[in-house]
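Some notes on the structure that comes next.
In this chain, numbering begins with 1 at the start of the sequence shown. Both counts, for ligands and for their atoms, begin at 1 and track the order of listing. Note that the coordinates shown come from a computational prediction; the quantities given were computed from them, not determined experimentally.
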Amino acid sequence: MTVNRYDRYDRYDRYDAIARHATMRAVSAPSTTTSVSSRDERLCTRLTRRFSRARVARTLAEDRDDAVSGCTECSLPNERARADAIARAMALPRNGHARALVVGVETGALAVAIAGGDDAAGCTALCVDASNAMLDRCAEALGRGPGGKALESGVNVLGNEHGVRFLRASDTKALKPYHGPFDAAAFNAHLVDRGDEEAIVDALTRVVMLCKPGGRVVISERPAGAVEGGVDGGFDFSSIVRRLPLAAVGSAGKDLSAQGSLRADDDENPLVLTIPKAFELSKRFTLEAPVVTGFGRGSKQMGVPTANLDPELCGGEAFLSTLPLGVFFGWAKLADESAWHECVLNVGERPTFVDGDGTTIEVHVMGSTDATPEYDRDFYGETMRVDVCGFIRPELRFDSLPELVARIKTDIGLARNALASGAHAHPTE
Ligand code: RBF
Ligand code: ADP
Ligand code: MG
């Protein structure tokens, strides 16, 4: 379990920083102290009052509203340099056509770095934050109205205007398929504050799912100071990243197991990851087992029949636990067939349902079009071989069956594109 810094530490850290700042001003610049320090003092007083109350659950939005309501040099130090480093790492082409996602806007320095300026070369961006105050500051920094880059809903925004949109949300679950696809996404701090590993994986997964293959995911964390489980403020993302279709930028393949740790080191050095082109795995693998009966949940009626392979005969937990659970694609064929068929498969625990049957392997053999089934018969008991070559995403718990089915159709589309790209030739025998 990771410590949720918001609950336990952040308030104290910020209080310290503000108190230090106020004292420093008073000592070093007496002529300018009055307005700045009285503003800081008001915030200090407010926070002090909060500490002395019974411990109340604070929301992300409240904390972030506070961070911009006081002295932002204290609450968001070094913002400009951080923003420039993140913008460089996002590597968006300056041709006016790139699309970016920014999670956490602070006072808007990052949005300005990627989308601001007088020219039309900046990207189109979606800025997400839990705090209305932060989104407001960001829109101000980008400029509202004619000539500005901030597009505010209800104010002449139809849908395809070039500029920056805003979404107030404290959860990346609020991101919908139509928000993407993005060329790059940035977590501008506070990813690790979302809770335990599962919450961070979920937040990242929902963003990764909206990025193009070859796109970048940049993670920046503000140094956490003396936080439990953190070393010098650098949270180690390696175990989280290994569960996602991500590679370190510059690494030849996807295999991150050799990588000791993956950290957003400091303000100038965010963690830069990429979604492998055509979702390729660093190492393909084969599954081969008889087709068994599944849950009879009506996959066939949903238009996505899944041949369930006996997990015990696919290496069992010993092998399956070495894989990231989630959605893969590749080539499949039955024992008596000579031709390989394109397929998508889910290796996982189906968190949308409570069926408690451990890890299952479910293979959907794709027809030549979505409307053309590949088989007109059942083939229970026959042996199926699957050559697995790409990994699209981890499993998710969907709120409804239609959402799951819609996402499976998207997975099928992504798999078709990746297989058609020629990056994944089928085996020769
Ligand atoms: N089940 C989930 O609970 N979450 C998922 O994200 C998920 N993704 C899937 C993706 C594909 C391509 C396929 C074929 C299945 C997926 N499933 C997922 C499994 C699904 O729940 C299962 O096929 C049906 O419940 C029938 O057992
Ligand atoms: P179950 O819950 O028993 O797995 P499904 O509704 O998932 O049932 O249907 C899967 C079965 O449908 C497979 O075991 C196979 O016999 C048959 N089938 C027919 N076409 C396909 C296909 N294109 N992909 C996978 N299975 C198929
Ligand atoms: Mg099935």
Side-chain angles (χ1 to χ4, degrees), residues 172-173 177 198 201-206 208-210 243-245 279 287-311 313-314 320 323-337 339-386 388-419:
T172 57
K173 227 176 171 180
E198 293 312 311
V201 167
D202 190 83
L204 261 166
T205 301
R206 290 176 196 277
V208 166
M209 273 170 32
L210 292 178
R243 295 171 54 184
L244 293 158
F279 299 105
L287 301 170
E288 185 166 10
V291 175
V292 294
T293 48
F295 299 94
R297 199 177 279 128
S299 304
K300 222 179 275 177
Q301 287 78 353
M302 294 185 311
V304 204
T306 59
N308 293 45
L309 304 192
D310 187 336
L313 297 177
C314 287
L320 298 181
L323 301 176
L325 295 187
V327 182
F328 297 82
F329 62 84
W331 300 96
K333 80 176 163 131
L334 294 168
D336 66 353
E337 288 182 314
W340 289 92
H341 309 267
E342 297 183 339
C343 71
V344 282
L345 59 152
N346 187 60
V347 180
E349 293 166 348
R350 308 155 314 283
T352 306
F353 305 92
V354 190
D355 45 33
D357 205 41
T359 309
T360 55
I361 300 162
E362 299 189 60
V363 187
H364 169 66
V365 180
M366 299 192 278
S368 52
T369 72
D370 284 350
T372 334
E374 192 69 356
Y375 298 98
D376 54 8
R377 62 182 182 98
D378 283 345
F379 41 82
Y380 291 106
E382 294 182 38
T383 295
M384 180 175 265
R385 175 143 45 122
V386 185
V388 186
C389 34
F391 177 51
I392 298 178
R393 66 172 174 96
E395 281 195 298
L396 286 172
R397 199 171 79 72
F398 287 91
D399 288 339
S400 69
L401 191 61
E403 275 180 86
L404 167 63
V405 176
R407 179 61 214 192
I408 291 177
K409 300 255 159 92
T410 302
D411 296 328
I412 289 171
L414 292 169
R416 279 192 199 287
N417 280 342
L419 290 164

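Protein heavy atom nearest atom 13 (C) of ligand 2, with residue, atom name and distance: Ala307 CA, 3.9 Å. Looking from atom 12 (O) of ligand 2 to the surrounding protein, the closest heavy atom is Lys300 CE, 3.3 Å. Taking atom 16 (O) of ligand 2 as the reference point, the nearest protein heavy-atom neighbour is Phe379 N, 2.7 Å. Nearest non-hydrogen protein atom to atom 24 (N) of ligand 2 is Val365 N, 3.1 Å. Nearest to atom 1 (P) of ligand 2 among the protein's heavy atoms is Gly294 N, 3.4 Å. For atom 3 (O) of ligand 1, the nearest protein heavy atom (residue, atom name, distance) is Thr352 OG1, 2.7 Å. The closest protein non-hydrogen atom to atom 27 (O) of ligand 1 is Arg297 NH1, 3.0 Å. When only non-hydrogen protein atoms are considered, atom 20 (N) of ligand 2 lies nearest to Tyr375 CB, 3.7 Å. Nearest protein heavy-atom neighbour of atom 14 (C) of ligand 1: Thr306 CG2, 3.7 Å. Protein heavy atom closest to atom 4 (O) of ligand 2, with residue, atom name and distance, is Asn308 OD1, 3.0 Å. Looking at atom 21 (C) of ligand 2, its nearest protein heavy atom turns out to be Pro305 CG, 3.6 Å. For atom 7 (C) of ligand 1, the nearest protein heavy atom (residue, atom name, distance) is Leu404 CD1, 3.5 Å. Taking atom 11 (C) of ligand 1 as the reference point, the nearest protein heavy-atom neighbour is Ile408 CG1, 3.7 Å.
For ligand 1, the atoms lying closer than 4.0 Å to a non-hydrogen atom of Phe398 are 5 (C), 6 (O). Residue contact check: Thr293 has heavy atoms under 4.0 Å from atoms 3 (O) of ligand 2. For ligand 2 and Phe295, the ligand atoms under 4.0 Å from any heavy atom of the residue are 2 (O). Listed by atom number, the atoms of ligand 1 under 4.0 Å from Phe353 heavy atoms are 21 (O), 25 (O). Within the listing of ligand 1, atoms 27 (O) sit less than 4.0 angstrom from a heavy atom of Phe295.
Of all the heavy atoms in Leu309 and Ala289, the pair that sits closest is CD2-O, 3.9 Å. Across Gly381 and Pro290, no two heavy atoms sit closer than the pair O-CB, 4.2 Å. Here the shortest heavy-atom pairing between Glu342 and Arg416 reads OE1-NH1, 4.1 Å. Scanning both residues, Thr359 and Val347, for their nearest heavy atoms gives CG2-CG1, 4.0 Å. Closest approach of Cys314 to Leu320, counting heavy atoms only: O-CD2, 4.2 Å. Of all heavy-atom pairs spanning Val327 and Phe391, the tightest one is O-CD1, 3.3 Å.
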Task: Glu349/Leu325 under side-chain contact (heavy atoms from CB on, under 4.5 Å): CA gap, chis, key distance, verdict - done: CA-CA 8 Å; Glu349 293 166 348; Leu325 295 187; 3.9 Å; yes
Task: Test log, rule side-chain contact (heavy atoms from CB on, under 4.5 Å), inputs Phe328 and Val344 - done: CA-CA 6 Å; Phe328 297 82; Val344 282; over 6 Å; no
Task: Candidate pair Thr306 and Val363, rule side-chain contact (heavy atoms from CB on, under 4.5 Å), full reasoning - done: CA-CA 5 Å; Thr306 59; Val363 187; over 6 Å; no
- [ ] Kindly determine whether Glu337 and Arg385 satisfy salt bridge (charged side-chain N to carboxylate O under 4.0 Å, His left out), including the steps that lead there.
- [x] CA-CA 10 Å; Glu337 288 182 314; Arg385 175 143 45 122; over 6 Å; no
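Comparing Thr410, Thr205, Asn346 against atom 16 (C) of ligand 1, the shortest heavy-atom distance belongs to Asn346. Comparing heavy-atom distances from atom 5 (C) of ligand 1 across Leu396, Val327, Leu401, Leu325 singles out Leu396 as nearest.
Distance check for Thr306 against the Mg ion (ligand 3): an N/O/S atom falls below 2.8 Å. Not one N, O or S atom of Thr293 sits under 2.8 Å from the Mg ion (ligand 3).
At a 4.0 Å cut-off, not a single heavy atom of Gly294 sits close enough to ligand 1 to count as contact. Proximity of Val363 to ligand 2 is established by a heavy-atom distance of less than 4.0 Å. Remark: distances from the non-hydrogen atoms of Arg393 to ligand 1 include one below 4.0 Å. A heavy-atom separation below 4.0 Å is found between Gly296 and ligand 2.
Contacts with ligand 1 closer than 4.0 Å are made by no heavy atom of Ile412, backbone or side chain. With a 4.0 Å cut-off on non-hydrogen atoms, Tyr380 touches ligand 2 through its backbone as well as its side chain. At a heavy-atom cutoff of 4.0 Å, ligand 2 is contacted by the backbone of Arg377 but not by its side chain. Residue-level proximity to ligand 2 for Val291 is carried by the side chain, the only part with a heavy atom below 4.0 angstrom.
At least one N or O atom of Glu362, backbone or side chain, sits closer than 3.5 Å to an N or O atom of ligand 1. Close N/O approach between Pro351 and ligand 1 is found [any backbone or side-chain N/O within under 3.5 Å]. The distance criterion of under 3.5 Å between nitrogen or oxygen atoms is not met by Ser299 with respect to ligand 1.
In summary, Asp399 and Lys173 engage in a salt bridge, as defined by a charged side-chain N under 4.0 Å from a carboxylate O. A salt bridge is defined here as a Lys NZ or Arg NE, NH1 or NH2 lying under 4.0 Å from an Asp or Glu carboxylate O, and Asp370 with Lys409 fails to meet this definition. Look at Glu403 and Arg397 and you find no salt bridge, because none of the NZ, NE, NH1 or NH2 atoms lies under 4.0 Å from a carboxylate O.
Listed for the Thr205 side chain is a donor-acceptor partner under 3.5 Å among the backbone atoms of Val201.
Using modelled atom types, one finds a donor on one side chain and an acceptor on the other under 3.5 Å when comparing Arg350 with Thr360.
Ring-plane geometry between Phe329 and Phe279 is classed as perpendicular, the angle between the planes exceeding 60 degrees on a 0 to 90 degree scale with a lower cut at 30.
From Leu323, atom CG reaches atom CG of Leu287 across 7.5 Å, with rounding to the nearest 0.5 Å. Distance CD/Glu382 to CG/Leu334: 5.0 Å, rounded to 0.5 Å.
Judged by the 6.0 Å distance and 45° axis criteria, Arg407 is not positioned over the aromatic ring of Phe398.
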